[in-house]
Every structure is written in C-alpha cells, then in structure tokens.
Amino acid sequence: AGARDDTFNVLDLAEYTKNRPWWRKIFGPSSGSSAEKYNVATQLLIGGVTGWCTGFVFQKVGKLAATAVGGGFFLLQIANHTGYIKVDWNMVQRDMNKAKEQLKFHSSGNKMPPEVKSRVDEVIIFLKKNVILTGGFAGGFLLGMAS
C-alpha cells in the first residue's frame, strides 16, 4: 500500500483582499449588474423600498439635526445677549476671511484629484448598469422624504 502525498495550495485571503475596495470584497468582481439578475418589476421594487427607507430616515435625522443646530444657535444668542459669553467679532471676521481665501485657493484649480475621478467614474458606470434600480431608488427616496 502506497502512501498518499496530499498537497494543498494555500490562498492567503488577507493578501488577496488588501488592495481591493470594500464593495468588491462583499459583492465580488463577477457580481454583475442587477439587470442581469432580476426582472424590471423586482428591480423597481427593491430600489423603491430601499429608497423610501433611506428618504424616511434622512427626513427624521434632518429634522433632528436642524432642531439641534437651531436650538444651539438660539441658546448661544441668548447667552451672548444676557452677557454670559462675549464674542470676539474681530477674531470671527479674521477667521472667516482666512477660510474664504482657502476656499478660493482650492476651487481655483477646478481639477478633481485622480482618486476622486476614478470613484466618480465607478459610480457612473454602476448607475448606467443599474438604471432601473437607481430610478426606483430615486423615486422611493423622494416618497420617503415626503412622508
């Protein structure tokens, strides 16, 4: 009886996934577009439901954030008016001018960095491949924001 010599190839997943974006790790390179997997009605339903849920959450969080920011601003104005705090308006003006200069400097180039451009290109390709799903999501999102 001969001895069996089993040899195995070891795949190092940590090394394999190190340079891959997170969405490729989850969905894989061969996941394809949803148009290849689902019919039109299913795509619209999935897009509409996820869009509505996202819009509803955005609406609730937006109201909460607006209330918090507005309330905080209101309390600061009351504290300033009653003398609890004193605002150095010269310092505020100087900082605002510095921020304006930095915005002018960054917007004067008008070119996107290559990393941002590649991400934008990937998003555009995804939207083109999944136009029905995206349309359903957009409609659902608007309904969710309105409800």
Side-chain angles (χ1 to χ4, degrees), residues 8-147:
F8 297 99
N9 291 333
V10 177
L11 176 62
D12 186 7
L13 291 178
E15 193 64 34
Y16 177 72
T17 60
K18 187 181 291 183
N19 296 325
R20 297 173 61 91
W22 64 269
W23 61 87
R24 296 221 198 265
K25 293 175 191 173
I26 293 172
F27 299 115
S30 63
S31 65
S33 69
S34 63
E36 299 168 357
K37 297 178 188 175
Y38 304 109
N39 62 20
V40 174
T42 305
Q43 290 180 58
L44 283 174
L45 183 67
I46 291 171
V49 168
T50 56
W52 183 86
C53 291
T54 305
F56 187 76
V57 168
F58 265 61
Q59 177 200 29
K60 296 300 179 188
V61 170
K63 283 182 182 178
L64 179 66
T67 302
V69 170
F73 182 72
F74 182 68
L75 289 175
L76 283 175
Q77 287 297 327
I78 290 175
N80 183 33
H81 184 69
T82 56
Y84 284 105
I85 60 173
K86 186 74 175 156
V87 177
D88 186 0
W89 290 109
N90 292 329
M91 182 182 282
V92 171
Q93 186 66 33
R94 186 176 61 235
D95 289 344
M96 290 299 292
N97 289 335
K98 191 184 300 184
K100 285 180 188 177
E101 289 300 319
Q102 286 180 348
L103 284 174
K104 286 179 186 175
F105 175 73
H106 289 300
S107 64
S108 64
N110 214 13
K111 287 188 176 183
M112 284 192 291
E115 312 86 45
V116 174
K117 184 161 176 39
S118 68
R119 299 286 184 222
V120 168
D121 290 341
E122 285 184 28
V123 168
I124 290 172
I125 290 169
F126 174 81
L127 293 177
K128 284 181 180 178
K129 283 185 178 179
N130 300 295
V131 70
I132 297 171
L133 182 73
T134 305
F137 181 85
F141 182 80
L142 293 175
L143 287 174
M145 289 290 286
S147 61

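In plain terms, the two heavy atoms of Thr134 and Asn130 that are nearest each other are OG1-O, 2.8 Å. Of all heavy-atom pairs between Met145 and Gln59, the closest is O-NE2, 3.4 Å. Nearest heavy atoms, Trp52 versus Leu143: CD1-C, 3.7 Å. Nearest heavy-atom pair across Gln43 and Ile132 is OE1-CB, 3.6 Å. Taking both residues in full, the closest heavy atoms of Ile85 and Asn80 are given as O-OD1, 3.4 Å, listed atom of the first, atom of the second, then distance. Closest non-hydrogen pair, Thr50 versus Ile46, comes out as OG1-O, 2.8 Å.
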### Message
Assess the residue pair Thr54 and Phe58 against the criterion (side chain to side chain contact (heavy atoms under 4.5 Å, CB included)); give the C-alpha distance rounded to whole Å, side-chain angles, the decisive distance to 0.1 Å, and a yes or no.
### Response
CA-CA 6 Å; Thr54 305; Phe58 265 61; 3.8 Å; yes

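Here the straight-line distance linking atom CD of Gln102 with atom NZ of Lys98 works out to 7.5 Å at 0.5 Å rounding. In this structure, Leu142 CG and Phe137 CZ are separated by 10.0 Å, a value rounded to the nearest 0.5 Å.
Between Leu127 and Val123, the closest side-chain pair of non-hydrogen atoms falls below 4.5 Å.
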